[in-house]
Amino acid sequence: MKESFWAVLIFILGIASIFLIYYFQTVTNTSEHNYELLRETTEAAMFDALDLAAYRKDETIRIDQERFVDSFIRRFAQDATLAHEYTISIYDVHEEPPKVSIKIDTLNVATFGGLRGDQYYVGNLTNKIDAILETKYTSD
C-alpha cells in the first residue's frame with residue numbers, strides 16, 4: 001500500500017512539474033517576443049516619422065510626434081499576439097534630438113474550457129525602452 005502512494009505522489013509531482021515548465025516557457029517566450037517587437041517597432045516608427053523637410057532645409061534631424069505615434073501603434077498592432085492584452089504607454093517623445101520612451105504592459109490570460117470558458121489572469125509582464133535615433137553624421 002505504501003508503494004502505491006509513492007507512485008501516485010511521483011505521478012502528481014511529474015504532472016505539476018510539466019505545468020510549471022510550460023508556464024515559465026510561455027512567460028519567457030512572451031517577454032522575449034514583446035521586447036523584440038517593441039525594439040523593432042520603435043526603430044521603424046522613428047524612421048517613418050523623420051521630418052525630411054527640416055533636414056533638407058537646415059540639416060536638423062527631427063521626428064514628427066504624431067507620425068511616430070500613428071506609425072508605432074499601427075506597426076505594433078500588426079505584429080502583436082492576439083492571445084494577450086496590451087497597454088501601450090508612450091511617456092516621452094522629443095522631436096529634436098529624436099528620443100522616445102515607451103512602456104508595454106502585457107496581461108497574460110489563460111482560458112480553460114474552449115472559447116466561452118473561464119478566463120484566469122496569469123500574470124503581467126512589463127517591457128520598457130528608451131530609444132534615441134542614431135545617424136551617421138559628418139561635419140565637413
Side-chain angles (χ1 to χ4, degrees):
M1 191 72 174
K2 284 183 4 182
E3 291 81 15
S4 62
F5 284 127
W6 280 107
V8 169
L9 178 66
I10 290 173
F11 181 73
I12 290 174
L13 287 176
I15 296 293
S17 63
I18 288 173
F19 280 120
L20 283 175
I21 290 170
Y22 175 74
Y23 171 72
F24 286 117
Q25 179 203 13
T26 303
V27 168
T28 303
N29 287 345
T30 301
S31 179
E32 184 177 343
H33 174 265
N34 289 348
Y35 177 74
E36 290 298 322
L37 179 61
L38 177 62
R39 188 175 60 85
E40 294 292 329
T41 304
T42 302
E43 181 180 2
M46 287 181 83
F47 280 119
D48 284 347
L50 276 175
D51 190 2
L52 295 177
Y55 182 74
R56 288 181 186 134
K57 182 179 177 187
D58 55 358
E59 294 186 359
T60 58
I61 298 172
R62 55 185 303 203
I63 60 173
D64 184 24
Q65 180 177 1
E66 289 83 18
R67 274 194 286 172
F68 171 76
V69 172
D70 289 343
S71 178
F72 179 82
I73 292 175
R74 179 180 48 83
R75 287 177 179 270
F76 191 84
Q78 285 176 351
D79 295 326
T81 306
L82 296 176
H84 306 295
E85 295 179 13
Y86 296 98
T87 303
I88 300 173
S89 303
I90 300 176
Y91 288 110
D92 194 17
V93 177
H94 285 282
E95 293 183 347
E96 185 181 347
K99 177 199 172 287
V100 295
S101 298
I102 302 172
K103 181 175 87 168
I104 304 288
D105 290 321
T106 306
L107 188 60
N108 291 330
V109 178
T111 304
F112 298 104
L115 294 175
R116 298 183 184 261
D118 296 329
Q119 289 188 348
Y120 299 100
Y121 295 103
V122 178
N124 191 11
L125 296 174
T126 301
N127 291 330
K128 297 178 186 176
I129 193 168
D130 296 320
I132 299 172
L133 184 63
E134 294 181 359
T135 58
K136 295 181 182 177
Y137 179 76
T138 57
S139 59
D140 293 329

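Note that the coordinates shown come from a computational prediction; the quantities given were computed from them, not determined experimentally. All values below were derived from every heavy atom in this structure, side-chain atoms included, with hydrogens, water molecules and symmetry-related copies excluded.
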Indicate yes or no: at least one non-hydrogen side-chain atom of [X] is less than 4.5 angstrom from one of [Y].
{"X": "D70", "Y": "R74", "answer": "no"}
{"X": "D105", "Y": "K103", "answer": "yes"}
{"X": "R39", "Y": "N127", "answer": "no"}
{"X": "F72", "Y": "V100", "answer": "no"}
{"X": "I61", "Y": "P98", "answer": "yes"}

Atom [atom1] of [X] and atom [atom2] of [Y]: how far apart are they, to the nearest 0.5 Å?
{"X": "I73", "Y": "F68", "atom1": "CD1", "atom2": "CZ", "answer": "9.0 Å"}
{"X": "R56", "Y": "D58", "atom1": "CZ", "atom2": "CG", "answer": "13.0 Å"}
{"X": "R62", "Y": "L133", "atom1": "CZ", "atom2": "CG", "answer": "13.0 Å"}
{"X": "I132", "Y": "S101", "atom1": "CD1", "atom2": "OG", "answer": "8.5 Å"}
{"X": "I104", "Y": "I129", "atom1": "CD1", "atom2": "CD1", "answer": "10.0 Å"}
{"X": "E66", "Y": "E95", "atom1": "CD", "atom2": "CD", "answer": "7.0 Å"}

Under the 4.5 Å side-chain heavy-atom rule for ILVMFWY, direct or indirect, which residues accompany I12?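 I12 shares its hydrophobic cluster with V8.
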
Exactly one of D48, L50, D51 should register a side chain to side chain contact (heavy atoms under 4.5 Å, CB included) with I63. Which one does?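 For I63, the side chain to side chain contact (heavy atoms under 4.5 Å, CB included) test succeeds with only one of D48, L50, D51, which is L50.
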
Pick out which of L37, I90, I102, D130 makes a side chain to side chain contact (heavy atoms under 4.5 Å, CB included) with T42.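 So the option named by the test is I102.
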
For atom CD of E32, decide whether the heavy atoms of other residues, nucleotides or ligands shown that lie under 6.0 angstrom number more than 12.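 No, because the 6.0 Å sphere around CD of E32 holds 12 heavy atoms or fewer from other groups.
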
For the hydrophobic clusters of this structure (ILVMFWY residues joined by side-chain heavy atoms under 4.5 Å, transitively), does one cluster hold both L13 and W6?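 They do share one cluster, since a chain of ILVMFWY contacts under 4.5 Å joins L13 to W6.
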
By ring pair (Phe, Tyr, Trp, His ring centres under 6.0 Å) - contacts of Y35 (at least two apart):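 Counting only residues at least two positions away or on another chain, Y35 forms no ring pair (Phe, Tyr, Trp, His ring centres under 6.0 Å).
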
Can you name the closest pair of heavy atoms from A45 and S71 and give their distance?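 Scanning both residues completely, I find the closest heavy atoms to be CA-OG, 3.6 Å.
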
